[in-house]
2 protein chains.
Amino acid sequence: MTDGPDAGGDWRSRLREQGYRLTPQRELILAAVETLGHATPDEVLAEARRTAPSVNASTVYRTLEVLEGLGLVRHAHLSDRAPTYHSVGGREHFHLKCRNCQRVESVDPEVAGGLLEALRTQHGFVADVGHLTVFGRCETCEEP
Amino acid sequence: MTDGPDAGGDWRSRLREQGYRLTPQRELILAAVETLGHATPDEVLAEARRTAPSVNASTVYRTLEVLEGLGLVRHAHLSDRAPTYHSVGGREHFHLKCRNCQRVESVDPEVAGGLLEALRTQHGFVADVGHLTVFGRCETCEEP
DNA sequence: CTACGTGCAAAAGCTTTGCATGCGT
DNA sequence: ACGCATGCAAAGCTTTTGCACGTAG
């Protein structure tokens, strides 16, 4: 959860190098995303408020945008409504979402390798696997 | 655009068989979706109003829900915000969305066959290809 | 004649924006 | 000291909901 391309506190330097300021809120919000795994802005807000109750929703939205711009978090659409954010601390992955039990599973990008290759050669399309979400029915829910 | 599993006016019978009533608005909204190809509820409303200016937004939402329940239309998320609806008149397909030029391309499900198979065998997950949207960069926008 | 579907208006989410103040650099 | 980031409040959108009326069956 804390290792990966940006282990330790390197991201703080990168943040500042890009002209951003390092604030408690930004640390808190990034930590919240990492703790939660997959979370909507609303859930991130709630988690952040456990530590600093005064944190504001607009700060969460603005911060998630900044963090995503820096490549520290990503978002995907795991429901028809809210976007959900996750840390890019670990390796890249895409998501399976069961329409029946709502469970979310993370999958290695390699599994989609064939599709990516086909899209590249047949459609000249370079896909962003990390943003991919596949809806369907999971093993348990598909049982007869 | 008018052929497929439900060619002609067969859908009207199915509609009634399911206990629904056949109203001008329902015809109009289905026609709007077919005319537009891919459209947000808002766009569907605008198109429907070209014929019947009194059509209401809530009717569009309610009707799209009914039509989707009957399998006459489907929706996918082609932008981070609005859902877009399309007719299921033609054959099933999934979507590629270019983040640069915003263009949408429809792709034959067969292209994703490998992925589906892998998800089924490796994760016991039965994917719904028709709802799939892959984000990335299209051929033209990827040129150096 | 029934009761489902529609239009209208208001409510409910969720996200964005304008400002004055606070704080990181 | 400068100016970006935050909190607060209000506005903006999209979607949902409650009701009374209209109309399909």
Side-chain angles (χ1 to χ4, degrees), chain A residues 9 11-33 38-70 72-73 75-85, chain B residues 9 11-33 38-70 72-73 75-85:
Chain A
W11 68 271
R12 298 164 218 256
S13 323
R14 291 214 294 118
L15 187 84
R16 277 187 286 234
E17 277 161 23
Q18 308 264 329
Y20 293 110
R21 291 181 181 176
L22 180 56
T23 68
Q25 289 88 337
R26 285 177 177 165
E27 300 221 44
L28 201 52
I29 288 166
L30 178 55
V33 171
H38 296 107
T40 61
D42 200 57
E43 294 165 335
V44 173
L45 175 62
E47 175 65 22
R49 280 185 165 160
R50 291 181 40 179
T51 303
S54 71
V55 174
N56 191 272
S58 37
T59 299
V60 171
Y61 284 103
R62 290 187 280 226
T63 300
L64 287 173
E65 202 178 322
V66 169
L67 296 179
E68 186 156 35
L70 285 168
L72 295 169
V73 304
H75 80 273
H77 301 276
L78 302 184
S79 88
D80 280 352
R81 300 204 115 257
T84 65
Y85 288 80
Chain B
W11 68 271
R12 299 166 218 255
S13 322
R14 291 214 294 118
L15 186 83
R16 276 188 285 233
E17 277 161 23
Q18 308 263 327
Y20 293 111
R21 292 180 182 178
L22 179 57
T23 68
Q25 289 90 337
R26 284 176 178 166
E27 299 221 44
L28 201 53
I29 288 167
L30 177 54
V33 172
H38 296 107
T40 62
D42 200 57
E43 294 164 335
V44 172
L45 175 62
E47 175 65 22
R49 279 185 166 160
R50 290 181 39 176
T51 303
S54 73
V55 174
N56 191 273
S58 37
T59 300
V60 171
Y61 284 103
R62 290 186 279 225
T63 299
L64 288 173
E65 202 176 324
V66 170
L67 296 178
E68 187 156 35
L70 285 168
L72 295 170
V73 304
H75 81 273
H77 301 276
L78 303 183
S79 88
D80 279 352
R81 300 203 116 256
T84 65
Y85 287 81

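Just so you know, these numbers come straight off a predicted model, no measurement behind them. Note that these values count all heavy atoms, side chains included, but never hydrogens, waters or copies made by symmetry. Below, chain A is the first sequence line, B the second, and so on; all start at residue 1.
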Could you list by number each residue of residues 16-25 of chain B showing a heavy-atom separation from DNA chain C of less than 4.0 Å, or answer none if no residue does? Y20(B), R21(B), T23(B), Q25(B)

Quick one: does L22(A)'s side chain get under 4.5 Å of W11(A)'s, heavy atoms only? yes

Do the non-hydrogen side-chain atoms of L64(A) and V33(A) ever get within less than 4.5 Å of each other? yes

With a 4.5 Å cut-off on side-chain heavy atoms, are I29(B) and R26(B) touching? no

Nearest-angstrom distance from the residue atom CG of L28(A) to P of dA5(D): 17 Å

Going by salt bridge (Lys or Arg N to Asp or Glu O under 4.0 Å), name the pairs with one or both residues in residues 49-60 of chain A, residues two or more places apart or in two chains. E47(A)-R50(A)

Assess, by modelled atom type and distance only, whether the side chains of D42(A) and T40(A) contain a donor and an acceptor separated by less than 3.5 Å. no

Ignoring hydrogens, what is the shortest heavy-atom contact between S58(A) and N56(A)? Give both atom names and the distance. OG-OD1, 2.6 Å

P41(B) vs T59(A), nearer the 5' end of DNA chain D by closest nucleotide: T59(A)

Contact check, side chains of L67(A) and Y20(A), non-hydrogen atoms, under 4.5 Å: no

Filtered N/O pairs between nucleotides 8-10 of chain D and protein, under 3.5 Å:
from, atom 1, to, atom 2, distance (Å)
dC8(D), N4, S58(A), OG, 3.3

Heavy-atom closest pair (V44(B) atom, A39(B) atom, distance to 0.1 Å) is CG2-CB, 3.9 Å

Heavy-atom pair of closest approach, residues H75(A) and P83(A): CD2-CB, 4.1 Å

If I compare all heavy atoms of V55(B) with all of Q25(B), which pair ends up nearest, and what's the gap? CG2-CG, 4.5 Å

Of all the heavy-atom pairs spanning V60(A) and P41(A), show the shortest one and how long it is. CG1-O, 3.7 Å

First contact, last contact: which nucleotides of DNA chain C are these for chain A, 5' to 3', heavy-atom distance under 4.0 Å? dC14(C) to dT25(C)

What is the separation between atom NE2 on H77(B) and atom P on dT15(D), rounded to the nearest whole Å? 10 Å

Rounded to 10°, the angle between the first-five-pair and last-five-pair axes of the helix from dC1(C)-dG25(D) to dT25(C)-dA1(D) is 40°

For P53(A), which contact category applies under a 4.0 Å heavy-atom criterion: base, sugar-phosphate, or nothing? nothing

Please, which pairs that meet ring pair (Phe, Tyr, Trp, His ring centres under 6.0 Å) have at least one residue in residues 38-59 of chain B, sequence neighbours excluded? H38(B)-H86(B), H38(B)-H93(B), H38(B)-H95(B)

Separation of atom CD in E27(A) from atom C1' in dT6(D), rounded to whole Å: 16 Å

Hey, is CD on E68(B) packed in by over 12 heavy atoms from elsewhere, all under 6.0 Å? yes

